[in-house]
Amino acid sequence: MEQDEKARSNRLLWISTAIFSLEAILIIGYNWLFDEYLGNASLTISRYVGLNAWSIFTFCALNISICVMLVCYLITNAGIRSFIWRFLMYGFVLTFMALSIAPHLPEDCASSDIHRFFAGAMFAIMSLIGIVTVAITRSRGILVFGTLFIVYGIFFIFCDLLRIDFFMQNILWFETAYLFSFFGLLLSSNRLKAA
């Protein structure tokens, strides 16, 4: 029974990661190929999303489906029972949904402000999830990966807050690495015994 739950929660995580990957590739690829942004790494994924109405709706719909899968993952995950970890994961889901509903539009407006607030909260929560994962793990591999994730998260948040030039000119790559390493942390931590 526990193995079935693990397999189901692993599938949910892999599907969520795949959907996020495909939407990012589709939206950024479209803008690079058809909207004269080829190779521009100074825009975040969200900034690329906000450039077109179709990408705003696609991003919102697919991210809501990812949020549903992550909630199902939390309900069925047999590995991590830590209240704090689960509380932070629900916080991640809520902030991810909020930033998906409020797009980051090219002009300054309420929607962009709301998006930036929830994006900042989501990135901070991701680092906290990494810290809790490292604190509860007994796996050396997850400990190493989690520690690297925490260090990268601190670097990411620090550079973003200070608007460091080399970081801002390449934020697309830094943000993508942070998001995918978070999904990697979730996938690896799903192997944890009840903690």
Side-chain angles (χ1 to χ4, degrees), residues 12-52 54-67 69-70 73 89 91-93 95-106 112 115-131 133 144-190:
L12 290 169
L13 289 175
W14 279 110
I15 293 168
S16 297
T17 305
I19 290 172
F20 183 79
S21 302
L22 289 174
E23 74 183 13
I25 290 168
L26 175 69
I27 292 166
I28 294 166
Y30 174 85
N31 286 290
W32 279 19
L33 295 174
F34 302 112
D35 274 351
E36 300 176 9
Y37 286 93
L38 185 61
N40 186 343
S42 66
L43 299 180
T44 63
I45 295 170
S46 295
R47 294 288 303 271
Y48 275 111
V49 168
L51 295 175
N52 302 288
W54 71 266
S55 58
I56 290 170
F57 292 114
T58 301
F59 187 74
C60 181
L62 292 177
N63 283 356
I64 288 172
S65 71
I66 290 171
C67 289
M69 283 187 271
L70 289 176
Y73 158 73
M89 276 300 297
F92 170 80
V93 171
T95 56
F96 187 58
M97 184 176 293
L99 70 82
S100 301
I101 292 169
H104 191 182
L105 301 173
S112 297
H115 181 93
R116 282 193 294 267
F117 172 79
F118 283 108
M122 183 187 78
F123 289 135
I125 289 170
M126 288 164 57
S127 284
L128 292 173
I129 290 169
I131 291 168
T133 301
V144 170
F145 185 79
T147 301
L148 291 173
F149 175 78
I150 294 165
V151 170
Y152 186 77
I154 292 167
F155 162 80
F156 181 90
I157 293 167
F158 176 78
C159 290
D160 190 47
L161 287 173
L162 296 180
R163 315 304 276 176
I164 294 175
D165 190 52
F166 84 90
F167 178 83
M168 299 311 295
Q169 292 304 312
N170 295 287
I171 193 164
L172 178 64
W173 309 126
F174 288 114
E175 178 189 53
T176 301
Y178 190 43
L179 290 165
F180 281 107
S181 61
F182 178 71
F183 279 111
L185 181 71
L186 292 182
L187 284 161
S188 63
S189 66
N190 199 41

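Every value quoted in this text rests on a predicted model; they were computed, and no experiment measured them.
- Around the CZ atom of F183, the shell of radius 6.0 Å holds more than 12 heavy atoms that belong to other residues, nucleotides or ligands.
- Around atom CZ of F180, more than 12 heavy atoms belonging to other residues, nucleotides or ligands sit under 6.0 Å away.
- Here salt bridge (charged side-chain N to carboxylate O under 4.0 Å, His left out) pairs that include residues 162-176, with residues two or more places apart or in two chains, are D160-R163.
- Under the 3.5 Å distance criterion, with hydrogens and angles disregarded, a donor-acceptor pair is assigned to the side chains of Y178 and S127.
- Annotation: the span from W14 atom CH2 to I19 atom CD1 amounts to 14.0 Å, rounded to 0.5 Å.
- A distance of 9.0 Å separates CE of M89 from OG1 of T133, quoted to the nearest 0.5 Å.
- Every residue meeting the ring pair (Phe, Tyr, Trp, His ring centres under 6.0 Å) condition with F96, not counting sequence neighbours, appears here in chain and number order: F92.
- Heavy-atom contacts from other residues, nucleotides or ligands closer than 6.0 Å to CH2 of W54 number more than 12.
- I25 contributes atom CD1, which lies 10.0 Å from atom CD1 of I45 (distance to the nearest 0.5 angstrom).
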Practice task
Go through N52 and N31 one step at a time and tell me if the side chain to side chain donor-acceptor pair (under 3.5 Å) criterion holds.
Solution key: CA-CA 9 Å; N52 302 288; N31 286 290; 3.1 Å; yes
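- Remark: T17 engages no residue in a side-chain hydrogen bond (donor to acceptor under 3.5 Å, both in side chains) (not counting sequence neighbours).
- Side-chain contact between R47 and I171: absent, with no pair of heavy atoms (C-beta onward) separated by less than 4.5 Å.
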Practice task
Report the C-alpha distance between R116 and T44 in whole Å, list the side-chain angles of each, state the deciding distance to 0.1 Å, and finish with yes or no for side chain to side chain contact (heavy atoms under 4.5 Å, CB included).
Solution key: CA-CA 11 Å; R116 282 193 294 267; T44 63; over 6 Å; no
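- Taking a 6.0 Å sphere around CZ of F155, one finds it holds more than 12 heavy atoms contributed by other residues, nucleotides or ligands.
- With sequence neighbours left out, the side-chain hydrogen bond (donor to acceptor under 3.5 Å, both in side chains) criterion links W32 to Y48.
- For residues 17-37, no residue pair satisfies the salt bridge (charged side-chain N to carboxylate O under 4.0 Å, His left out) rule, not counting sequence neighbours.
- If you take CD1 on I150 and CG on L185, they are separated by 8.0 Å, rounding to the nearest 0.5 Å.
- Remark: S46 pairs with H115 by the side-chain hydrogen bond (donor to acceptor under 3.5 Å, both in side chains) rule, at least two apart or across chains.
- Of the possible polar contacts, one joining the S65 side chain to the L62 backbone as a donor-acceptor pair under 3.5 Å is found.
- A distance of 5.0 Å separates CZ of F166 from CZ of F174, quoted to the nearest 0.5 Å.
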